[in-house]
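Right, one structure below, let's go through it.
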Amino acid sequence: MNDSPDCPLVGVAATYMPRLSEFPFEPGLVAAVDQHAAAVCDALIPSPRRPDGASALRRTVRRQDLSDYVLGFTESLSEADWVEPVGHDFATLRLTAVCWLIREYDLLAA
């Protein structure tokens, strides 16, 4: 897959990927983004459980699933007339988490 301009992940990555560079300086941001990434993963792929209640396997995020999620999320933001604030609100944390997932799963690789 290529990173064609019609893929919503490309625009999100261009806008929010630079926020990942803030991680070494803001441990609280790392924790918040980690929680948002887990929530996105839960929305995309329910976590399989072993009988003892622990997660059974590492989940894999697929590009198409994350793209669909981003389309729905950004459409909701647009409908709410959301404007990106200075700092981090729920939406910027969620979109930064999407970027972390893009990087973690190498979803823009050719």
Side-chain angles (χ1 to χ4, degrees):
M1 292 188 198
N2 60 29
D3 31 330
S4 66
D6 60 331
C7 176
L9 300 182
V10 173
V12 169
T15 303
Y16 295 95
M17 194 70 78
R19 289 180 180 256
L20 299 181
S21 67
E22 299 172 28
F23 280 11
F25 310 105
E26 295 191 44
L29 177 60
V30 175
V33 169
D34 182 62
Q35 290 177 346
H36 278 269
V40 171
C41 285
D42 287 346
L44 299 177
I45 316 153
S47 180
R49 297 283 177 187
R50 296 189 317 223
D52 64 3
S55 289
L57 302 169
R58 183 171 191 251
R59 299 177 284 180
T60 300
V61 173
R62 293 180 334 123
R63 179 183 173 135
Q64 186 60 52
D65 295 336
L66 190 58
S67 293
D68 291 345
Y69 178 88
V70 165
L71 284 174
F73 187 75
T74 55
E75 182 176 306
S76 295
L77 292 176
S78 178
E79 289 172 359
D81 294 326
W82 177 78
V83 177
E84 182 180 354
V86 173
H88 307 285
D89 67 351
F90 179 90
T92 58
L93 290 170
R94 188 56 56 109
L95 293 167
T96 303
V98 165
C99 289
W100 185 86
L101 292 168
I102 290 168
R103 185 179 71 182
E104 178 73 11
Y105 292 97
D106 199 21
L107 298 178
L108 294 182

### Message
Count I, L, V, M, F, W, Y as connected when their side-chain heavy atoms are under 4.5 Å apart, and connections chain through other members. Are L71 and V40 then in the same cluster?
### Response
no
### Task
Check whether any side-chain heavy atom of L95 sits under 4.5 Å from a side-chain heavy atom of T15, and report yes or no.
no
### Query
Does the side chain of Y16 reach to within under 4.5 Å of the side chain of V98, using non-hydrogen atoms?
no
### Query
Can you tell me how far the NE2 atom of H88 sits from the CD atom of E26, to the nearest 0.5 Å?
4.5 Å
### Task
Please name the pair of heavy atoms, one in S67 and one in P8, separated by the smallest distance, quoted to 0.1 Å.
O-CG, 3.6 Å
### Task
Locate the shortest heavy-atom distance separating T92 from G87; write the atom from each residue and the value.
OG1-O, 3.8 Å
### Minimum heavy-atom distance between R63 and C7, given as atom pair plus value
NH2-SG, 3.3 Å
### Summary
Interatomic distance, CG@L101 vs NE2@H36, rounded to 0.5 Å, equals 12.0 Å
### 4.5 Å side-chain heavy-atom contact, Y105 and L66
no
### Task
Measure the CD-CG distance between E84 and D89 for me, rounded to the nearest 0.5 Å.
8.0 Å
### Query
Donor-acceptor pair, S78 side chain versus T74 backbone, under 3.5 Å?
no
### Task
Please report the C-alpha distance between F23 and V33 in whole Å, then the side-chain angles of each, then the deciding distance to 0.1 Å, and finally whether the side-chain contact (heavy atoms from CB on, under 4.5 Å) criterion is met.
CA-CA 9 Å; F23 280 11; V33 169; 3.7 Å; yes
### Query
Is the shortest heavy-atom distance from the side chain of T60 to the side chain of I45 under 4.5 Å?
no
### Message
Quick check for you: to the nearest 0.5 Å, what is the distance between I102 atom CD1 and L9 atom CG?
### Response
4.5 Å
### Summary
The reported gap from CG in L20 to CG in L29 (rounded to nearest 0.5 angstrom) is 8.5 Å
### Query
Roughly how far, to the nearest 0.5 Å, is SG of C41 from CD of E104?
9.0 Å
### Query
Do the rings of F90 and F73 sit parallel, tilted or perpendicular, given the 30° and 60° boundaries?
tilted
### Task
Kindly give the heavy-atom pair with the smallest separation between A13 and P18, and that separation in Å.
O-CD, 3.9 Å
